Chemist: 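What follows is a single structure, and I will ask about it in a moment.
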Protein chains: 2
Amino acid sequence: MANGLKEIADELNLSISTVSRALNNTGRVSAETRRLVMDTAKKYNYSPNRIAQSLRQKKTNIVGLIVPDIGDYFSEVIKGTESELSAHNYSMILADSHEDPLKEANYIKLMYQSQVDGLMLATVSDTFAWTDVYESSDIPVIFFDNEPADLVCSKVVLNNIKATEIAVDHLVKLGHKKIALICGNTKESTAKYRRDGFMEAMKKHNLEVDQNLIKEGLYYLDAGYSSMEELILSREDHPFTAVIVSTYRMSCSAIHAIKDYGLSYPEDFSFIGFDMEDRDRLFSPSITSVLQPGKLIGKLMVHKLLQSIDNVELSPEEEDSVSFVNPVIKLGQSTAAIKK
Amino acid sequence: MANGLKEIADELNLSISTVSRALNNTGRVSAETRRLVMDTAKKYNYSPNRIAQSLRQKKTNIVGLIVPDIGDYFSEVIKGTESELSAHNYSMILADSHEDPLKEANYIKLMYQSQVDGLMLATVSDTFAWTDVYESSDIPVIFFDNEPADLVCSKVVLNNIKATEIAVDHLVKLGHKKIALICGNTKESTAKYRRDGFMEAMKKHNLEVDQNLIKEGLYYLDAGYSSMEELILSREDHPFTAVIVSTYRMSCSAIHAIKDYGLSYPEDFSFIGFDMEDRDRLFSPSITSVLQPGKLIGKLMVHKLLQSIDNVELSPEEEDSVSFVNPVIKLGQSTAAIKK
DNA sequence: TTGAAAGCGCTACCAT
DNA sequence: ATGGTAGCGCTTTCAA
């Protein structure tokens with residue numbers, strides 16, 4: 001199957017260049033010739049070799065996407081990314097770093113070698129030591145989820161401050177005053193901002209913040225569980241009527257703790273989780289949760305990326321800009337108005 | 001950044017060919033030269049252009065994966081595929097057909113144009129009319145999930161017969177005799193085999209099958225709901241002590257029906273779902289479910305694919321073979337022993 | 001309007 | 001052990 005331009009050219013006694021121009025509708029070609037070429041192309045089931053095109057044009061129409069884990073919220077991002085890319089005639093190479101900075105580094109290298117036109121990256125490297133590669137190359141990179149410390153770059157991130165703020169707002173509207181927070185390690189930007197958002201919202205509503213009701217889970221694995229446990233065990237001294245958890249994993253394990261202690265929401269206290277989308281509505285009671293619009297994040301990234309790719313030169317303020325995405329709150333049965 | 005072989009060659013006054021051989025460790029090169037080349041490559045941060053390599057070698061080390069929907073079970077398949085591919089130095093172009101045969105067709109074309117070395121496809125096209133493309137090309141294709149009708153091809157599929165069989169076995173062990181089944185449209189191979197597995201298992205245990213307890217959901221959307229509804233409403237005449245549902249979507253909507261009618265499992269009857277993995281253990285009561293090992297399916301596909309890619313010629317029986325994957329049953333609280 | 005030729009970056013063959 | 005050269009399939013000048 002030597003299915004190339006040459007075959008068509010030979011058949012019609014034309015040159016390869018003419019055939020190319022006819023097919024791509026570029027340059028001047030007589031209508032007659034064009035038709036002929038199109039017809040034989042169809043006849044031979046011609047299919048352009050994108051690799052050859054890419055090499056010649058120095059453009060692959062492929063972008064890379066590296067996530068720490070395929071599943072949950074990232075599935076949504078992947079989905080949004082994929083459909084938006086495909087609408088613009090791009091394809092996507094997907095890689096899963098499995099939360100491993102070393103793998104991530106290798107994937108980045110691979111992406112560059114593959115000559116992707118752009119890269120979307122949810123980095124898991126605290127230091128993002130690949131700055132050299134990143135900066136020495138001119139292919140645009142968009143970060144999302146984690147923000148690499150000390151690096152000026154393009155990113156699309158959740159408005160994390162608002163994320164906890166809308167949770168507090170909702171609870172306050174229900175009459176809650178003593179609100180607890182379980183958040184991640186505030187050395188990570190997301191956790192920090194989410195805690196800040198909580199603080200600001202409490203202040204906005206003139207509510208006192210009991211430091212004992214703020215649990216910062218330092219360890220990844222079961223921080224949600226132990227934090228919830230601490231809150232439950234000390235609730236005589238430090239009473240609360242509602243809890244907000246600020247990551248998905250912690251929400252899950254906090255729920256396990258609540259069940260293990262024989263408590264339930266909203267009876268014992270109201271509960272607001274994070275990223276508990278439950279699209280198939282299988283939880284009972286359903287859970288009020290702050291949600292990141294994953295698909296939208298994907299779409300936005302693609303937009304920014306394609307803009308960078310198309311306009312070779314962007315103004316600096318556009319080049320390394322941050323796009324914020326608004327969280328939404330999904331109301332469920334796990335939150336209820338407080339009894340006066 | 002003219003970061004090519006030429007740069008290194010010029011620096012060392014060597015030919016491009018020698019540099020290439022040194023870097024790829026192919027052909028004879030003096031140890032001395034090798035070291036020198038390696039060093040300057042590192043110095044210039046040389047990164048091979050995979051596009052050029054691909055064009056030259058007629059091999060991209062990229063495979064395509066087309067799924068009907070990114071999420072749920074397919075996320076697992078993607079995950080398994082990705083990690084296995086990456087372990088073998090392949091990358092993956094991922095595409096989401098959104099259950100649309102037309103999109104699927106376009107993606108297939110795109111994959112071929114991209115010169116992928118192989119393709120993995122969960123087709124949504126009943127007819128799989130792309131046989132022409134498929135057969136006229138020599139790149140290997142592996143099907144999974146749906147089996148295209150009337151097409152001899154390589155596939156990796158769940159042992160669907162076993163899937164319902166183990167569900168029946170479990171229920172029989174618990175003392176159930178009157179077991180209902182909700183399955184999909186038996187014109188689709190998966191649904192048909194799952195029903196067959198149910199029948200055979202019942203027969204094996206010498207249990208009578210009440211045809212009224214077998215609901216074949218002909219419509220995609222809410223077949224699970226209405227089927228469950230019918231079972232509930234007619235249970236005076238056609239009593240049952242357990243239900244098996246044979247797809248994920250139907251399991252979800254069947255559960256909704258059960259709740260809407262104020263019933264609960266395992267009190268009113270035992271319930272076995274499909275693909276309800278609930279990895280974060282958030283359902284209560286937890287649900288007994290048949291699971292497809294998505295990651296394993298991904299891994300197996302990659303194995304088969306790479307074998308086809310490496311061994312140019314396979315024996316026909318290996319070429320178009322079917323690999324069966326065993327389902328597993330996850331025990332939860334939705335099934336209980338029957339009270340004598 | 002068409003064709004010839006160069007060349008994208010690399011590998012692999014054949015000389016030396 | 002090394003270099004010259006052809007060529008992968010295509011686009012894109014430049015001439016005709």
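Convention: sequence-line order gives letters A, B, ...; per-chain numbering from 1. As the structure is a prediction and not an experimental result, all values here were calculated from the model.
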Chemist: Tell me whether the OP1 or OP2 atom of C:dA12 has a side-chain N or O from B:Ser20 closer than 4.0 Å.
Modeler: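 Looking at the OP1 and OP2 atoms of C:dA12, neither is under 4.0 Å from any side-chain N or O of B:Ser20.
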
Chemist: Does OP1 or OP2 of D:dT2 have a side-chain N or O of B:Thr33 closer than 4.0 Å?
Modeler: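 For D:dT2, OP1/OP2 do have a side-chain N/O of B:Thr33 under 4.0 Å.
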
Chemist: Is the phosphate of C:dG9, meaning OP1 or OP2, less than 4.0 Å from a side-chain N or O of B:Tyr46?
Modeler: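 The answer is no; no side-chain N or O of B:Tyr46 sits under 4.0 Å from OP1 or OP2.
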
Chemist: Classify B:Ile16 by what it touches in the nucleic acid, base, sugar-phosphate, or nothing, heavy-atom distance under 4.0 Å.
Modeler: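 Since a base atom lies under 4.0 Å of B:Ile16, the category is base.
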
Chemist: Please classify the nucleic acid contact of B:Ser17 as base, sugar-phosphate, or nothing, using heavy-atom distances under 4.0 Å.
Modeler: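 Contact class for B:Ser17: base.
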
Chemist: Of the listed nucleotides (C:dT2, D:dT2, D:dC10), which one gets closest to any side-chain atom of B:Val29?
Modeler: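 The listed nucleotide nearest to B:Val29's side chain is D:dT2.
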
Chemist: Please confirm whether the shortest side-chain N or O distance from A:Thr18 to OP1 or OP2 of C:dG3 is below 4.0 Å.
Modeler: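 Yes, such a contact exists.
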
Chemist: May I ask you to verify if any side-chain N or O of A:Lys59 is less than 4.0 angstrom from the OP1 or OP2 atom of C:dC8?
Modeler: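 Checking A:Lys59 against C:dC8: no side-chain N or O falls below 4.0 Å of OP1 or OP2.
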
Chemist: Hey, is B:Lys43 close enough to B:Asp39 for a salt bridge, meaning N to O under 4.0 Å?
Modeler: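 Here B:Lys43 does not pair with B:Asp39 in a salt bridge, since their nearest N and O are not under 4.0 Å apart.
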
Chemist: For DNA chain C, whose closest nucleotide is more 5', that of B:Ile51 or that of B:Arg21?
Modeler: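 It is B:Ile51, whose closest nucleotide lies nearer the 5' terminus.
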
Chemist: It should be established whether B:Ser15 places a side-chain nitrogen or oxygen under 4.0 Å from OP1 or OP2 of nucleotide D:dT2.
Modeler: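 Indeed not, no polar side-chain atom of B:Ser15 lies that close.
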
Chemist: Please report the distance, rounded to the nearest Å, between CD in B:Gln53 and P in C:dC8.
Modeler: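 Atom CD in B:Gln53 sits about 17 Å away from atom P in C:dC8.
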
Chemist: Whether B:Lys6 contacts C:dC8 is assessed here as follows: a side-chain N or O lying under 4.0 Å from the phosphate OP1 or OP2. Is that the case?
Modeler: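 False: B:Lys6 side-chain N/O out of range (4.0 Å or more) of C:dC8 OP1/OP2.
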
Chemist: If you check every side-chain atom of B:Leu14, which of C:dC10, D:dC10, D:dT2 has the closest atom?
Modeler: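 The answer is D:dT2, which lies nearest to the side chain.
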
Chemist: Reading DNA chain D from 5' onward, which residue's closest nucleotide shows up sooner: A:Leu55 or B:Gly27?
Modeler: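 The residue mapped nearer the 5' terminus is B:Gly27.
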
Chemist: Which heavy atom in B:Val124 sits nearest to a heavy atom in B:Glu99, and how many Å separate them?
Modeler: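 Nearest pair, atom of B:Val124 first, then B:Glu99: CG2-C, 3.7 Å.
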
Chemist: Does the side chain of B:Val325 reach to within under 4.5 Å of the side chain of B:Val156, using non-hydrogen atoms?
Modeler: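 They are in contact (side-chain heavy atoms under 4.5 Å apart), so the answer is yes.
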
Chemist: In whole Å, what is the span from the CD atom of B:Gln57 to the P atom of D:dA6?
Modeler: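 Atom CD in B:Gln57 sits about 21 Å away from atom P in D:dA6.
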
Chemist: Rounding to an integer number of Å, can you tell me how far A:Glu7 CD sits from D:dC8 P?
Modeler: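 About 14 Å, once rounded to whole Å.
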
Chemist: Identify whether the distance between the nearest side-chain nitrogen and carboxylate oxygen of B:Asp96 and B:Lys103 falls below 4.0 Å.
Modeler: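 Looking at B:Asp96 and B:Lys103, the cut-off is not met.
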
Chemist: Determine, for B:Lys295 against B:Glu84, whether the closest basic-nitrogen to carboxylate-oxygen distance falls under 4.0 angstrom.
Modeler: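 Answer for the salt bridge query: no.
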
Chemist: When you get a sec, tell me which of C:dG9, C:dT2, D:dG9 is the closest nucleotide to the side chain of A:Arg28?
Modeler: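 The closest nucleotide is C:dT2.
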
Chemist: Whole Å only: how far is the CG atom of A:Leu36 from the P atom of C:dT2?
Modeler: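 Computing the A:Leu36:CG to C:dT2:P distance gives 10 Å.
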
